[in-house]
Amino acid sequence: MTTRKVYIKCFGCQMNKLDSSLVAAALRAAGFEMTDKATDADAVVINTCSVREHAEARVFSHLGHLKHMKKSRPGLVVAVMGCMAQRLGESLLAHEAVNIVVGPHQIPQMPDMLTAALETNGPAVRIAVTQHIRTPDDAAAAEHLDAFETAYDSDENHIKSQAFVRIMRGCNNFCSYCVVPYVRGPEVSRPPRAIMEQIRKLADQGIQQVTLLGQTVNSYAYSAGERTYKLADLLEMASEIEGIHWLRFVTSHPGAFDNSILNAMARLPKVCPYLHIPAQSGSDSILAAMNRRYTAQHYLDLLAKARAIVPDIAIAGDFIVGFPGETDEDFEATAALVRAACYKNIFVFKYSPRPGTRAEQKLADSVPSEIKQQRNHALLALQNEIAADYNSRFLGRELEVLVEGLSKKPHLNNAQEAGHPQLVGRTATDYIVVFNGPESLTGRFARIRIDQTSALTLFGRPV
Ligand code: 5AD
Ligand code: SF4
């Protein structure tokens with residue numbers, strides 16, 4: 001029998017990228033071959049995101065193309081996995097293109113399901129395995145998922161010598177706008193032993209940078225006997241693993257952010273001085289309506305404390321503009337927070353009502369889309385201005401970067417430099433650095449002297 005080819009299309013966050021690469025590794029182990037073209041594939045797997053309506057619309061548009069493709073290739077099998085699969089469940093099977101629907105907690109079953117669907121020649125098979133993931137956790141299922149996670153690695157980034165390791169699943173915060181707790185279920189922290197085993201294995205394979213992943217990594221807690229392990233303990237334990245040079249973690253929630261994490265960052269040289277810590281808004285009344293459980297002042301105090309403990313720390317944040325009831329004054333408060341926070345960068349999103357969330361059920365989506373657009377633009381423009389100014393302090397400085405590879409969109413500034421292509425690297429603080437150098441530097445550390453800066457990028461030359 002010829003080898004079956006699978007094309008995986010991934011939408012959404014780092015969690016999804018990790019799930020996609022775990023599934024790819026499991027499929028390879030089961031004898032499938034990966035392809036990067038849907039037209040070559042016997043099966044297409046779409047990993048989906050539900051966080052905004054736009055993300056779901058893109059998936060439906062993709063499914064539209066696949067439906068069309070199936071007219072000439074009726075044997076093509078299409079599987080939908082991830083958050084949208086969990087949110088919409090069996091109803092997705094009504095879509096002509098879809099054969100298989102797999103929730104985020106059932107991904108270990110993907111190889112068997114694709115095999116079964118391909119054997120019976122696609123169109124006849126309709127399978128959904130999303131379960132109600134908020135019912136009391138089935139311990140056997142949780143263990144199965146953890147074993148799957150430990151067995152397969154995030155392999156996509158090996159060439160860049162980076163990998164992602166999940167430390168927890170789910171979220172308990174129930175921010176009023178957010179669908180994640182409904183589709184990813186309650187928080188479950190993975191055992192430290194499994195996490196360390198995985199990092200050790202990655203280090204043996206040449207991985208030098210590991211990013212610990214979770215929706216709220218600062219609430220990581222795992223009890224074993226007398227002891228409860230927290231994120232700071234994981235950082236400490238992972239720091240001892242030979243071969244790992246840089247450790248990161250995303251994402252943090254500003255409530256209950258303990259000093260132990262900042263102290264670990266200050267004390268442990270491998271822990272990158274970088275914090276992604278979304279504020280979402282700078283208005284206390286909007287923060288309350290979002291159920292974020294902190295005030296703007298608490299947030300700014302936390303950043304001040306972080307900077308006192310880790311002087312070089314770089315901070316990134318997320319914001320939602322146009323949340324129901326957001327007035328000009330509320331937006332001004334957000335702009336004031338951005339001014340005060342001195343971020344490295346921010347991500348700004350227009351509020352999108354998500355079915356089933358408290359905001360969607362209780363609050364009208366009252367801010368017109370033109371105003372959302374304006375606020376989105378204004379906030380990014382403000383941040384750009386601040387960062388462009390702030391980044392000039394890097395001029396003349398030498399920074400260590402982990403080289404990620406060829407620059408995808410060559411920057412004009414120094415695209416033509418003698419003999420070498422333009423490369424991109426990142427500092428420990430997550431700044432993007434563009435420079436010319438041999439491609440063989442990919443996946444390695446290099447020292448770059450900065451000679452030009454902009455709001456989002458630093459430019460320089462290898463030392
Ligand atoms: N609408 C807009 N943005 C959202 N986010 C989460 N839910 C929504 C929503 N309903 C944003 C938050 C979060 C980021 C991952 O996505 O800013 O931090
Ligand atoms: Fe969503 Fe809030 Fe949980 Fe983040 S912390 S995943 S925004 S509910």
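Start at 1 and go down the list; that is how both ligands and their atoms are numbered. All residue numbers refer to positions in the sequence shown, counting from 1.
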| message | Does only the side chain of Tyr177 get under 4.0 Å from ligand 1, or the backbone, or both, or neither? Count heavy atoms. | response | both
| Considering the options Gln198, His144, Arg169, which one meets the side-chain hydrogen bond (donor to acceptor under 3.5 Å, both in side chains) requirement together with Glu149? | Arg169
| said: Taking Ser219's backbone N and O only, do any of them form a donor-acceptor pair with Thr216's side chain (distance below 3.5 Å, no angle check)? | reply: no
| said: Out of all atoms in ligand 2, which are within 4.0 Å of some heavy atom of Tyr177? Include the element for each. | reply: 7 (S)
| Going by atom types only, do Gln215 and Arg184 share a side-chain donor-acceptor pair under 3.5 Å? | no
| request: Please say which of Gln297, Arg292, His298 ends up in a side-chain hydrogen bond (donor to acceptor under 3.5 Å, both in side chains) with Tyr294. | output: Arg292
| request: Check Pro181 against ligand 2 and report side chain, backbone, both or neither, counting heavy atoms closer than 4.0 Å. | output: side chain
| Aromatic ring proximity Phe249/Tyr220, centre distance under 6.0 Å | no
| query | Yes or no on side chain to side chain donor-acceptor pair (under 3.5 Å) for Glu400 and Thr427, after CA distance, side-chain angles and deciding distance? | reply | CA-CA 6 Å; Glu400 184 179 35; Thr427 65; over 6 Å; no
| request: Give a yes or no on whether the backbone of Ser454 and the side-chain of Thr457 come within a donor-acceptor separation of less than 3.5 Å. | output: no
| remark: Quick note on ligand 1: atoms under 4.0 Å from a heavy atom of Tyr351 include exactly 1 (N), 2 (C)
| query | When you measure from atom 10 (N) of ligand 1 to every protein heavy atom, which one gives the shortest distance, and what is it? | reply | Ser352 O, 2.8 Å
| query | Heavy-atom contacts under 4.0 Å between Val51 and ligand 1: side chain, backbone, both, or neither? | reply | both
| said: I'd like to know if atom 2 (Fe) of ligand 2 has an N/O/S atom from Cys175 within less than 2.8 Å of it, counting both backbone and side-chain atoms. | reply: yes
| Where does the angle between the aromatic ring planes of Phe349 and Phe347 fall among parallel (under 30°), tilted (30 to 60°) and perpendicular (over 60°)? | parallel
| Can you tell me if Arg184 has a non-hydrogen atom under 4.0 Å from ligand 2? | no
| request: For ligand 1, find out whether one of its N or O atoms is nearer than 3.5 Å to an N or O atom of Asp318. | output: yes
| Is Met290 touching ligand 2 with its side chain, its backbone, both, or neither, if touching means heavy atoms under 4.0 Å apart? | neither
| query | Starting from atom 3 (N) of ligand 1, which protein heavy atom do you reach first, and at what distance in Å? | reply | Arg52 NH1, 3.1 Å
| query | To which protein heavy atom is atom 5 (S) of ligand 2 closest, and what is the distance rounded to 0.1 Å? | reply | Asn173 ND2, 3.4 Å
| request: Identify the protein heavy atom lying closest to atom 2 (C) of ligand 1, giving its residue, its atom name and the separation to 0.1 Å. | output: Lys350 O, 3.3 Å
| said: Using modelled atom types and a 3.5 Å cut-off, is there a donor and acceptor pairing between side-chain atoms of Ser189 and backbone atoms of Ala221? | reply: yes
| remark: Under 4.0 Å from one or more heavy atoms of Cys171, ligand 2 contributes atoms 3 (Fe), 5 (S), 6 (S), 8 (S)
| note | In ligand 1, the atoms that come under 4.0 Å of a heavy atom of Gln280 are 12 (C), 13 (C), 17 (O), 18 (O)
| query | Identify the closest protein heavy atom to atom 1 (Fe) of ligand 2: which residue and atom is it, and at what distance? | reply | Cys178 SG, 2.3 Å
| request: To the nearest 0.5 angstrom, please state how far the CZ atom of Phe394 sits from the CD1 atom of Ile450. | output: 8.0 Å
| said: Whether the side chain of Asn391 engages the backbone of Ala455 through a donor-acceptor N/O pair (distance < 3.5 Å, no angle test) should be reported. | reply: yes
| field | Heavy-atom protein neighbour under 4.0 angstrom from atom 8 (S) of ligand 2 | value | yes
